[in-house]
Amino acid sequence: MENHDIEKKMMSIVAEDGSVEEVEVILAFEFKDTKKEYVIYTKNEKDENDNITVYVSNVDRSSGDPKLMGVDDEEEWNRVKDVLRELSKAE
Amino acid sequence: MGDAINLIDRDYTTVKSDDRVSKNIIKTRKLSFKRIAERWAEFRLSLMNKELERAKENLVKDNYHVGTSGLSLGSEAKMNRRTAAVARLEEKIMILKREDVPTDYRKNRAIKLRNNMMANLTYNSANAYSVEEDKIDKVFEEEQASVVPETNEGENMAAVATSEDIDVEKVSAANEEKIADDVEKAMHEDVSREDISSVIDSKFADLEENANVGNFVSRDEVESAVQNAIDAVEEDSDTHEVAAEEVHENVSEQPVEDSERVHVSQNESTEAKVNHFDSEGEVKPREGYVPMTDDQIAEARRNIEYEKYEEIYKTLWEEKKKRFKDALQEIKNSAKRNIVPEVPMEEAVRDEVVVTPEREEKVEEYTTAKEEEKPKEDLHMDYTDATKRDVARAIGKETSVSGLAALKERALKLREEQENARKDQEAARREQVEEAERAMEIRRQTEAKKEAYAEKFRALEEYCAALEEDTKSIRSSAAISRNDTACNRRFIESRVAEMTDYDERIQEIDSIIDSPENGRSR
């Protein structure tokens, strides 16, 4: 199935200064053991080699509204990268 | 590595971002990006399709009760709600697949589904109406059915399933508008955040009252968790599970690289929650909040999915437990004490009571026999009626980790008991409503039978009267005939007598005329 056949899921990121940025969500998952939620999104930025930049954030919903947080822990970051590697493989 | 994930699809419409959030960036090759995005898109579509199948099943696999004129109130609301849910999901899938969606699709589709349902309902052995297996496909057809529902002839329920009782034919324009309004209301009730908020208010109030676990679970946390659960749509059973064995360190053909990362502190402060209560201690209504009606509340309560709540509470409890433990550790390790010594510390003897003249008196008070008889203080604290403040205060004194475990266990047990009690209550209510509907139905049928019998009786009476009248008439006619006959006989007799008399006289005259003495020659 081609990706363009499916409606994109857009996300509006509201910065502290109130500015809003529209991005496209391409993946969302949570780890079964920690229940931590992650969202992978893109602004459709490409570099000179046609590589696409994607952003990874932890989603914190503990305060009610969802909030994007960074992934600072090294081990956690490696786990996220592993997930993306695995999902990027051909089925 | 042993990692396992659940793919999820939650609400990301608007999210906040801290400017200090670390930029975890990855550069992906085109093909990798495409594969990742496709996997998630497939998951989203399959999730939606599963939800649609469940909604359809809910619609056609249930019993619907008939009231005095058409469906009972409860069954009508149930059908409206479920047809609206199917229409909503079908539309979402069409949007997801970028298909053309007709104008007012949801409303029109819900009406069609409702009409198809009404046309294919059949009376069943449970004294209710449902859709038979071989007619399920007809319900979801695009063509609108117009068949009168069958009745169970053996049950002699013809009086129930006539077209007078159930409007099974194509809905008139006026009724269609009313149905559309009901469906629209049901559609909005399905996903209104205010409704969710209101239901949670009432549920949370009950929880606070009955659980005796203090304020460990905040209302906002529950609301957020419930909304996430509703958006995720039974994520536990429907999310795509990547098994532990699948995720392992591997060098792929298209390696995923990370470029720059900016480390920032994780200690972002949480948003302070203020202004949730007024001066009387009552919860302030949210802006634009519209209180639900009793019917809406009852409907929302019936729709509460207890299994999701249970999962949510468990998750929140785990989070709170962690924080509580952290707080416990912090207090234990903290050197700070909000104690002002009565004498300069350098003059105080460690571990001894610092006695001032006034205090010495007080110390004596504490050494009475009564005090000595007092049983040794039990270090295990009873948190049965403890609030959060009580627990926090208790932490400052002596504390025990086992006390926390016991409290947690009690809280979980109480919560479980509460949920079971609620489920019982709801089940009892449902049963009560159903039995009441059934009683009304039986009463109506009995009245109908009684009326039919009375009518037949009257008809029979009239028939007897007519028979009697007719018999009288016939008898009268017969009597008249007999009378006529008698009269004629008498007439005949008298005439015969008269004739005989005349004959005799004629003979006498003839004998005179024809006598030889008269000398006539003949």
Show, in sequence, the C-alpha distance, side-chain angles and deciding distance for A/Asp50 and B/Arg29, and conclude whether the salt bridge (charged side-chain N to carboxylate O under 4.0 Å, His left out) test is met.
CA-CA 7 Å; A/Asp50 242 16; B/Arg29 305 280 169 93; over 6 Å; no
Contact part of A/Val59 toward chain B, heavy-atom cut-off under 4.5 Å: side chain, backbone, both or neither?
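Only the side chain of A/Val59 comes within 4.5 Å of chain B.
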Contact origin within A/Lys46 toward chain B - heavy atom pairs under 4.5 Å
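Side chain only.
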Name the region of B/Thr14, side chain, backbone, both or neither, that has any atom closer than 4.5 Å to a heavy atom of chain A.
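Both backbone and side chain.
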A/Arg61 and B/Tyr12: which non-hydrogen atoms are nearest, and at how many Å?
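Smallest interatomic distance, heavy atoms only, reads NH2-CE2, 3.3 Å.
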For residues A/Leu84 and B/Ile36, report the shortest heavy-atom separation together with the two atoms involved.
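A/Leu84 and B/Ile36 have their closest heavy atoms at O-CD1, 3.8 Å.
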Between [X] and [Y], is any pair of side-chain heavy atoms under 4.5 Å apart?
X       : Y       : value
B/Lys16 : A/Leu68 : no
B/Asn6  : A/Lys32 : yes
B/Arg39 : A/Glu86 : no
B/Val15 : A/Lys67 : no
A/Asn51 : B/Lys30 : no

Any sub-3.5 Å donor-acceptor pair from [X]'s side-chain atoms to [Y]'s backbone N or O?
X       : Y       : result
B/Asn24 : A/Val71 : yes
A/Lys89 : B/Arg35 : no
B/Thr28 : A/Ile52 : yes

Can you sort out the partners of A/Tyr55 under side-chain hydrogen bond (donor to acceptor under 3.5 Å, both in side chains), two or more places apart, ordered by chain and number?
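By the side-chain hydrogen bond (donor to acceptor under 3.5 Å, both in side chains) rule, A/Tyr55 matches A/Glu45.
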Kindly determine whether A/Leu87 and B/Trp40 satisfy side-chain contact (heavy atoms from CB on, under 4.5 Å), including the steps that lead there.
CA-CA 9 Å; A/Leu87 290 174; B/Trp40 195 57; over 6 Å; no
For A/Glu22, I'd like to know if atom CD has over 12 heavy atoms of other residues, nucleotides or ligands within 6.0 Å.
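Atom CD in A/Glu22 is crowded, with more than 12 foreign heavy atoms closer than 6.0 Å.
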Output, in order, the C-alpha distance, side-chain angles, deciding distance and verdict of side-chain contact (heavy atoms from CB on, under 4.5 Å) for A/Thr42 and B/Phe33.
CA-CA 10 Å; A/Thr42 179; B/Phe33 176 90; 3.9 Å; yes
Nearest 0.5 Å, please: how far is CZ in A/Phe29 from CD1 in B/Ile8?
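The distance works out to 8.5 Å.
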Taking side chain to side chain contact (heavy atoms under 4.5 Å, CB included) as the criterion, tell me which of A/Ile40, A/Thr53, A/Val54 meets it with B/Ile26.
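Among A/Ile40, A/Thr53, A/Val54, the one meeting side chain to side chain contact (heavy atoms under 4.5 Å, CB included) with B/Ile26 is A/Val54.
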